[in-house]
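Structure record follows, encoded as structure tokens.
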Amino acid sequence: MYDYIIVGAAQAGLSMAYELKQLNKKILILDKESEVGASWLRRWDSLKLFTPTEFNNLKGLEFPAKKGHYPNKYEVADYFKKYVAKFNFPLQLNTLVEHIDKKDGIFKLTTDDGDFFAYQVVIATGPFHIPYTPRFSEKIDSDIYQSHSNYYKNPDKLNDGPSLVVGAGDSGYQILDEISEHTNHKVYFAGDTNVSTLPQEIMGKTLWWWFTKLGYLDFSKKSWFGKYISQGKQPIIGTDVKGILKRKNVIPVGKCLNAEENTIVTEKKEINDIENIVWATGYRPNFTWIDGLELDKDGYPIHERGVSNIKGLYFIGLPWLHTRGSATLGGIKKDATYLSEFIQQQKENKAEFA
């Protein structure tokens, strides 16, 4: 029996483990992966953070790199490993939590390695659960190489020939940049080309320095400005979108509408010469394995700053859990501190009225 079980061993879970350990709670972290940092290591090889070193610190351990450095995925994963080692968190890997239910005040976590029990549970699995690709992708000829951005590694893994990149977020444009720079073949782009962009540095200061000074990361999702920026399109950060789209081998084709074997139908044309498709089309959440949890229309938990409708069940690491900074490596600690203080207050209230 544990006081707390934390599901997920990336930045959200580790931040929460730090706080709960300060409260002298008996905790256990469960993670489905075979190593700490695996969710980062799975991404494409050239992936780097948008945030420089000084904005990536978890509580109690500074990120081990010089100021102004933009860490790659390997450095992030290594930082997590050092964090676990420094604080000696109790951690069990290779353990997939398949179901959670609560009975008589006790949570039962059913896993592929047996059952675990706790008085309270923190879900720190993040928002990126099920890589999404449109249904018509199933109709595409098997000779065409297809990969979601979650599994894409580098251009060397692609077939020789023209490629299609689908998706106009940061991932889509970064992958489009890499593939089109690597090859002389045509690279079709399906997605919005009218996107706003932000540089990584402005007037000699990093974008995140400006965000911090202006309080941009601290607006709550319930404030008028928080509602405005959370409901709008997120800008592309640190990528020269206009420069990429001007390359001779980059061909914007509008939205991707349908497909049939070797033919891809887009808003602007039908394409018949594609050898590769990278779907940078995002993810869908999956919290259906938690019994009794209330979900919103998009499938995310209904909560108040991470406090769910189920007493003793908490969330951390969701986008806009409270502010724009909630999903960032350096911002996660604020949410962890809040939940820790909430938990402590609940304990004090219970003692007062006992």
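The chain is numbered in sequence order, starting from 1.
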Side-chain heavy atoms under 4.5 angstrom apart, residues restricted to Ile, Leu, Val, Met, Phe, Trp, Tyr: same cluster for [X] and [Y]?
| X | Y | value |
| --- | --- | --- |
| I251 | L176 | no |
| L58 | V122 | yes |
| L91 | V76 | yes |
| I264 | V165 | no |
| L321 | Y18 | no |

Heavy-atom neighbours of [X] [atom1] exceed 12 at 6.0 Å:
| X | atom1 | result |
| --- | --- | --- |
| E62 | CD | no |
| Y119 | OH | no |
| K157 | NZ | no |
| K153 | NZ | yes |
| K32 | NZ | no |
| K81 | NZ | yes |

### Query
Parallel, tilted or perpendicular for F87 and F89, by the 30°/60° rule?
parallel
### Message
Can you tell me how the ring of F80 sits relative to the ring of W40, calling it parallel under 30°, perpendicular over 60° and tilted otherwise?
### Response
perpendicular
Sidechain N-carboxylate O distance under 4.0 Å for [X], [Y]:
| X | Y | result |
| --- | --- | --- |
| D192 | K255 | no |
| K73 | D45 | yes |
| E75 | K48 | no |
| E19 | K59 | yes |

Can you see whether [X] engages [Y] through a side-chain donor-acceptor pair at a distance of less than 3.5 angstrom?
| X | Y | value |
| --- | --- | --- |
| Y188 | D273 | yes |
| E178 | S46 | yes |
| N94 | S34 | no |
| H182 | N154 | no |
| Q92 | D113 | yes |
| T288 | N286 | yes |
| K139 | N258 | yes |

Determine yes or no for a side-chain-to-main-chain donor-acceptor pair under 3.5 angstrom, with [X] supplying the side chain and [Y] the backbone.
| X | Y | result |
| --- | --- | --- |
| T53 | F63 | no |
| Q146 | S137 | yes |
| K102 | K311 | yes |
| S15 | Q11 | yes |
| E275 | S163 | no |
| H148 | G282 | yes |
| S340 | A336 | no |
| T337 | K333 | yes |
| N249 | N184 | no |
| T95 | L30 | no |

### Query
Under 6.0 Å from the six-membered ring centre of Y2 and within 45° of its axis: does the NZ or CZ of K26 meet both?
yes
### Query
Taking it one step at a time, do H303 and Y314 satisfy ring pair (Phe, Tyr, Trp, His ring centres under 6.0 Å)?
CA-CA 8 Å; H303 64 89; Y314 306 98; over 10 Å; no
### Message
side-chain hydrogen bond (donor to acceptor under 3.5 Å, both in side chains) for N150 and Y283? Distances and angles first, verdict last.
### Response
CA-CA 9 Å; N150 190 67; Y283 300 80; 3.0 Å; yes
### Step-by-step ring pair (Phe, Tyr, Trp, His ring centres under 6.0 Å) determination, Y173 to F189
CA-CA 9 Å; Y173 272 110; F189 175 67; 4.9 Å; yes
